[in-house]
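The basis for the numbers below is simple: all heavy atoms, side chains too, and nothing from hydrogens, waters or symmetry mates.
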Amino acid sequence: MPTPYHLKSDLSVNILLPHFEVDLHGIVLAAGHGTRMVEYIKNQYGTSHPKQFVAFTGKRTMIQHTLDRVERLIARDKLLVVVDPKHQPAFQEQLKDRPSGTLIFQPINRETAPGILLPLSYIYKKNPECTVAVFPSDHFILEEDHFMEHIEYASRAIQSFPDKVLLLGVQPDAPETEYGWIQTGERVSSIKGFEINRVEKFHEKPDRKSAETFLSQGYLWNTLVLITRCSTLLKLVKDALPDLHRRFGKIIQAIGKPEESEVILQEYQEMEQATISQQVLEKFPSRLLVIHVRGVLWNDWGSGMRVLETLQKIGIAPACLKPSSLT
């Protein structure tokens with residue numbers, strides 16, 4: 001177990017935060033194909049690896065950065081990484097030192113909801129009421145210590161809201177049209193810079209004019225990083241997508257049995273694609289909270305242009321400088 005990660009603020013003055021150690025587990029999403037980045041990565045870096053397995057600057061890849069960051073708070077044996085077997089050359093090299101049983105193989109990419117639910121099923125099987133934090137593996141985060149302070153605060157605060165899903169919403173600095181935006185509601189907790197609000201509504205990938213309005217009105221970027229109890233997220237999926245919930249119920253029952261792999265493959269072959277934001281979370285804003293992340297440079301690297309813009313902003317040269325058209 002890693003050394004507990006202490007917040008700079010005084011937790012004892014906030015009655016929302018328990019003093020006992022939270023049983024915190026983690027999920028890292030690393031099974032995506034990153035199709036929008038394929039040509040850019042091939043032209044600039046000479047590899048066919050998906051973006052999470054590429055070192056855009058320095059020697060560490062995005063998945064390695066993500067794991068190093070998350071393991072400041074979550075024990076390695078409580079951190080599950082969901083991968084696609086098609087990416088085996090990449091993850092076999094980069095994730096070879098992961099603890100046994102922490103790589104979860106997703107047979108088919110069915111978008112973010114199944115991508116979360118598969119590793120969640122293994123955690124739920126052991127402890128349905130434990131707290132879990134979900135992290136995409138393709139995000140750039142500059143102030144990593146401060147970002148993880150928000151995660152620890154959130155993991156403690158969610159104990160007072162066991163029926164809620166707590167999202168991390170980043171303070172935006174531009175009218176971004178490729179991100180989801182969170183419209184915040186009533187404040188439910190605040191202490192020394194850590195502020196939690198209710199969620200009023202999601203706005204997914206707005207047009208430019210709407211994004212400018214959202215920026216001026218203090219909406220937040222949705223990072224897709226979330227903290228909740230296993231049982232709470234499964235209940236949300238049951239209410240939003242009952243067929244998907246039924247399929248993962250079968251998977252949970254099969255875990256640890258000889259037919260486990262066969263059942264997972266069969267259910268994945270028959271299930272529909274589903275995104276966690278649009279098809280689950282957006283349907284129930286009243287069951288969501290958001291923690292306002294300030295003082296963190298965050299970016300979802302979905303295009304080559306965004307990668308170079310971020311690196312230019314912080315004065316870091318990319319790992320390669322081949323001329324090419326950016327996508």
Side-chain angles (χ1 to χ4, degrees), residues 26-72 76 79-100 102-112 114-116 118-119 134-142 144 147 176 178-179 205 223-225 265 268 273 275-276 297-327:
I27 292 171
V28 173
L29 305 177
H33 299 307
T35 52
R36 291 176 56 201
M37 292 279 281
V38 169
E39 287 303 313
Y40 172 73
I41 291 171
K42 182 178 180 180
N43 292 337
Q44 292 284 355
Y45 297 87
T47 179
S48 58
H49 290 340
K51 59 183 176 178
Q52 62 267 30
F53 297 110
V54 175
F56 290 96
T57 181
K59 295 182 179 180
R60 287 185 297 165
T61 64
M62 298 199 80
I63 181 66
Q64 290 169 335
H65 274 287
T66 302
L67 292 170
D68 289 347
R69 179 191 314 131
V70 174
E71 286 173 5
R72 302 177 193 193
R76 286 167 58 85
L79 185 59
L80 301 187
V81 184
V82 58
V83 295
D84 189 323
K86 298 184 183 69
H87 304 152
Q88 184 171 355
F91 69 70
Q92 191 170 35
E93 174 188 356
Q94 298 180 25
L95 306 179
K96 59 186 176 183
D97 63 342
R98 302 308 300 170
S100 176
T102 60
L103 286 187
I104 306 299
F105 301 95
Q106 182 174 240
I108 305 169
N109 187 352
R110 296 299 193 199
E111 276 292 349
T112 52
I116 292 171
L118 184 57
V134 177
F135 305 89
S137 61
D138 57 355
H139 291 177
F140 174 85
I141 297 170
L142 185 60
E144 293 184 308
F147 182 82
E176 178 60 60
E178 292 298 318
Y179 293 162
K205 297 183 179 181
T223 65
L224 285 178
V225 177
L265 178 59
Y268 261 82
Q273 291 191 345
T275 61
I276 194 69
L297 178 60
W298 170 92
N299 205 307
D300 179 352
W301 279 358
S303 70
M305 181 64 74
R306 190 171 288 157
V307 172
L308 293 184
E309 286 177 348
T310 303
L311 296 180
Q312 183 178 26
K313 181 182 294 186
I314 63 176
I316 295 179
C320 62
L321 294 171
K322 296 177 183 177
S324 73
S325 59
L326 301 180
T327 58

Is a side-chain donor or acceptor of Q52 paired with a backbone partner of A30 at a separation under 3.5 angstrom? yes
F91: ring pair (Phe, Tyr, Trp, His ring centres under 6.0 Å) partners, not counting sequence neighbours: F105
Between H33 and H87, ring centroids under 6.0 Å: yes
Which atom pair, heavy atoms only, marks the closest approach of Y45 to A55? CE2-O, 3.7 Å
Closest heavy-atom contact between E111 and P114? O-CD, 3.5 Å
Check for a donor-acceptor pair, side chain of T102 on one end and backbone N or O of L80 on the other, with a separation under 3.5 Å. no
If you count the non-hydrogen atoms of other residues, nucleotides and ligands that lie under 6.0 Å from CD in Q273, is the total more than 12? yes
Ring centres under 6.0 angstrom apart (Y179, W298): yes
From K313 NZ over to L297 CG, what is the distance, rounded to the nearest 0.5 angstrom? 5.5 Å
Any salt bridge between K51 and E39, counting N to O under 4.0 Å? no
Do you know the tightest heavy-atom contact between H49 and V54? O-CG2, 3.8 Å
N-O pairing of E178 and R306 below 4.0 Å: no
Give me the atom names and distance for the closest heavy-atom approach of I27 to I116. CD1-O, 3.8 Å
Taking all atoms of both residues into account, what is the closest heavy-atom pair of Q106 and L118, and its distance? CA-CD2, 3.8 Å
Which of these, V70, V225, L142, sits in a side-chain contact (heavy atoms from CB on, under 4.5 Å) with F147? V225
Side chain to side chain donor-acceptor pair (under 3.5 Å) between Q94 and T61: does it pass, once the steps are laid out? CA-CA 8 Å; Q94 298 180 25; T61 64; 2.7 Å; yes
Check whether any side-chain heavy atom of I63 lies under 4.5 Å from a side-chain heavy atom of F53, and answer yes or no. yes
May I ask you to decide if V28's main-chain N or O and S137's side chain share a donor-acceptor pair within less than 3.5 Å? no
Closest heavy-atom pair, L95 versus V83, reported as atoms and distance to 0.1 Å, is CD1-CG1, 4.1 Å
Aromatic contact, F56 with F140 (centres under 6.0 Å): no
